[in-house]
Q: 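Quick one: structure below, then a few questions.
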Amino acid sequence: MKLGVLEMVVVTALWGSVPVVAIYSGLPAPVFVFFRVSIAACVLWLLLKTRLVLDLHVALSGVFLALNWILLFYAVRLVTVSEAVLLYYTGPIFAMLAAHLLGMRLTPTKALAAALAFTGVALTVAPSFSHAGAGAAVALASGAAYGGLIVTNKYASAKTRPLDLVFNQAVYASVITSPFLVITHVDITPTALAAILFASIVNTLLALALWYDALKKLDIHLAAVLSYLDPVFATVFGYIFLGQTPPPSALLGGTLIITAGAISTIEGRRRLIQRT
């Protein structure tokens, strides 16, 4: 269990560093996402020899994967990394609300989580809205896309093995982002190349390998709660490498968002145990 916790901490540190890596690459967000997913897809195909799954839910999960990353990496160029990532982590709340619209009952606990999350959003957005309202809106949109990824993953994972699903998502995301290679200016500097390789091999493939190994050792709800260290590491890396210090209200708002996500995760796990 200790090894599993250590692996989850390393995974969240790797994922928390991605926004800084994207900024250092100097590439447009869609182009950075294309290289990240296409290289990951090639490596996974060589390792797994898997095939493309022609399924609507799998394809939609790939679309949402591309969209949530494009919006997030665009947002970190408009607002601080901490603000963007904290707003990105409204994704589980958007997923919960989408599930409610699809017919799943909204429990009082989840309603409380939603209220906490949107209070947190207001506190996080407030300091930057006057001078960077567009950035906050893009970051919140990335959270909505992340919520769409969570919902479509629920259906897609029932039809495809985890690593095969990652491969398929990477392929569909590559297709969605490939036109940006033509319509945007791309300058692959040595720094950009290093950032691309690091994002693909370390932030994506190595992190996924550690994540799946950690899930074998940990209870799923503990792993889910530990994943909320991601915005903590993102804030730390933003401060170390970019000199960004989030305002106190954003930190308070982020704490409420993370708390809401953790409550929602634990509640979902509790109800799943009750059903089984």
Side-chain angles (χ1 to χ4, degrees), residues 7 10-12 14-74 76 88 91 142 145-146 148-184 186-215 227 230:
E7 287 176 328
V10 173
V11 167
T12 54
L14 291 176
W15 284 341
S17 69
V18 179
V20 173
V21 175
I23 291 172
Y24 268 69
S25 75
L27 295 172
V31 175
F32 179 77
V33 172
F34 168 79
F35 284 116
R36 181 184 182 184
V37 294
S38 60
I39 293 173
C42 291
V43 173
L44 284 173
W45 184 83
L46 290 172
L47 293 175
L48 303 175
K49 300 297 182 183
T50 188
R51 60 183 178 83
L52 187 66
V53 176
L54 300 177
D55 177 83
L56 178 60
H57 291 125
V58 174
L60 282 176
S61 68
V63 171
F64 278 116
L65 176 70
L67 186 60
N68 90 100
W69 280 349
I70 289 171
L71 291 170
L72 174 62
F73 298 146
Y74 182 55
V76 297
Y88 174 74
S142 72
Y146 178 30
L149 176 62
I150 293 172
V151 173
T152 52
N153 263 354
K154 176 179 175 60
Y155 295 100
S157 60
K159 308 170 185 178
T160 314
R161 295 182 305 172
L163 285 178
D164 289 338
L165 177 58
V166 172
F167 165 76
N168 277 271
Q169 288 173 332
V171 171
Y172 284 114
S174 299
V175 173
I176 293 298
T177 54
S178 58
F180 290 96
L181 294 175
V182 179
I183 63 177
T184 59
V186 181
D187 185 15
I188 306 297
T189 64
T191 301
L193 181 59
I196 289 168
L197 293 175
F198 189 86
S200 301
I201 305 301
V202 179
N203 293 131
T204 304
L205 295 175
L206 176 60
L208 282 173
L210 290 173
W211 186 60
Y212 283 120
D213 194 58
L215 291 181
S227 71
D230 182 345

Q: To the nearest 0.5 Å, what is the distance between CG on L163 and OG1 on T50?
A: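 It is 9.0 Å, given to the nearest 0.5 Å.
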
Q: Do Y172 and L60 pass the side chain to side chain contact (heavy atoms under 4.5 Å, CB included) test, and can you show the C-alpha distance, the side-chain angles, and the key distance before you say yes or no?
A: CA-CA 8 Å; Y172 284 114; L60 282 176; over 6 Å; no

Q: Output yes when a side-chain donor or acceptor of S200 lies under 3.5 Å from a complementary backbone atom of A40, and no otherwise.
A: no

Q: Please list all pairs passing the salt bridge (Lys or Arg N to Asp or Glu O under 4.0 Å) test where one or both residues lie in residues 155-171, with sequence neighbours left out.
A: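 Qualifying pairs, neighbours excluded: D55-K159, R161-D164.
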
Q: Once you round to the nearest 0.5 Å, how far does CD1 of I196 lie from CG of L193?
A: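 One finds 6.0 Å between CD1 of I196 and CG of L193.
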
Q: Go through the steps for L47 and L205 under the test side chain to side chain contact (heavy atoms under 4.5 Å, CB included), then give the verdict.
A: CA-CA 11 Å; L47 293 175; L205 295 175; over 6 Å; no

Q: Mind checking whether T177 and I70 have side chains closer than 4.5 Å, heavy atoms only?
A: yes

Q: Side-chain atoms of residues 14-21: list all donor-acceptor pairs with protein atoms under 3.5 Å, sequence neighbours left out, distances to 0.1 Å.
A:
{"unit_1": "W15", "atom_1": "NE1", "unit_2": "N203", "atom_2": "O", "d": "3.1"}
{"unit_1": "S17", "atom_1": "OG", "unit_2": "L14", "atom_2": "O", "d": "2.7"}
{"unit_1": "S17", "atom_1": "OG", "unit_2": "N203", "atom_2": "ND2", "d": "3.1"}

Q: To check you understand the geometry: which heavy-atom pair defines the closest contact between F180 and P30, and what is its length?
A: CG-CB, 3.3 Å

Q: To the nearest 0.5 Å, tell me how far L71 CG sits from F64 CZ.
A: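 That separation rounds to 11.0 Å.
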
Q: Can you list everything that forms a side-chain hydrogen bond (donor to acceptor under 3.5 Å, both in side chains) with N68? Sequence neighbours excluded, please.
A: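 Listed in chain order: Y88.
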
Q: Less than 4.5 Å apart, side chain to side chain, heavy atoms only: is that true for W69 and V37?
A: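 The answer is yes; the side chains approach within 4.5 Å.
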
Q: Under the criterion side chain to side chain contact (heavy atoms under 4.5 Å, CB included), I'd like the reasoning laid out for I201 against L206: C-alpha separation, chi angles, the key distance, then a yes or no.
A: CA-CA 6 Å; I201 305 301; L206 176 60; 5.8 Å; no

Q: Please report the shortest heavy-atom distance between Y212 and P162, naming the atom on each side.
A: OH-CB, 3.3 Å

Q: Okay, side chain of T160, backbone of S157: is any donor-acceptor separation there less than 3.5 Å?
A: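 No: the side chain of T160 does not pair with the backbone of S157.
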
Q: To the closest 0.5 Å, what do you measure between OG (S25) and CG (L197)?
A: 11.5 Å

Q: Could you give me the CA-CA distance, side-chain angles and deciding distance for V76 and I23, then say whether side chain to side chain contact (heavy atoms under 4.5 Å, CB included) is met?
A: CA-CA 8 Å; V76 297; I23 291 172; 3.8 Å; yes

Q: On a heavy-atom basis, which atom in L181 and which in F34 lie closest, and how many Å separate them?
A: CD1-CE2, 3.3 Å

Q: Would you say the side chain of T204 lies within less than 4.5 Å of the side chain of I39, judging by non-hydrogen atoms?
A: no

Q: Taking all heavy atoms of L165 and all of S61, pick out the closest pair and write down the distance.
A: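 For L165 and S61, the tightest heavy-atom pair comes out as CD1-OG, 4.1 Å.
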
Q: Of the non-hydrogen atoms in A195 and F32, which two are nearest, and what is the gap between them?
A: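 Closest pair (atom of A195, atom of F32, distance): O-CE1, 4.2 Å.
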
Q: Sequence neighbours left out, what pairs pass salt bridge (Lys or Arg N to Asp or Glu O under 4.0 Å) with at least one residue falling in residues 22-44?
A: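 Of all non-adjacent pairs touching residues 22-44, none passes salt bridge (Lys or Arg N to Asp or Glu O under 4.0 Å).
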
Q: Sequence neighbours excluded, which residues qualify as side-chain hydrogen bond (donor to acceptor under 3.5 Å, both in side chains) partners of S142?
A: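 By the side-chain hydrogen bond (donor to acceptor under 3.5 Å, both in side chains) rule, S142 matches no residue at all.
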
Q: Might you point out which heavy atoms bring A170 and L65 nearest each other, and give the distance in Å?
A: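 Where A170 meets L65 most closely, the heavy atoms are N-CD2, 4.4 Å.
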
Q: Return each pair, listed once, that meets salt bridge (Lys or Arg N to Asp or Glu O under 4.0 Å) where at least one residue sits in residues 200-214; pairs must be two or more places apart or across chains.
A: D213-K217

Q: Indicate yes or no for a side-chain donor-acceptor contact from T152 to the backbone of L149 under 3.5 Å, with no hydrogens or angles considered.
A: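 The answer is yes, because a donor-acceptor pair under 3.5 Å joins these two groups.
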
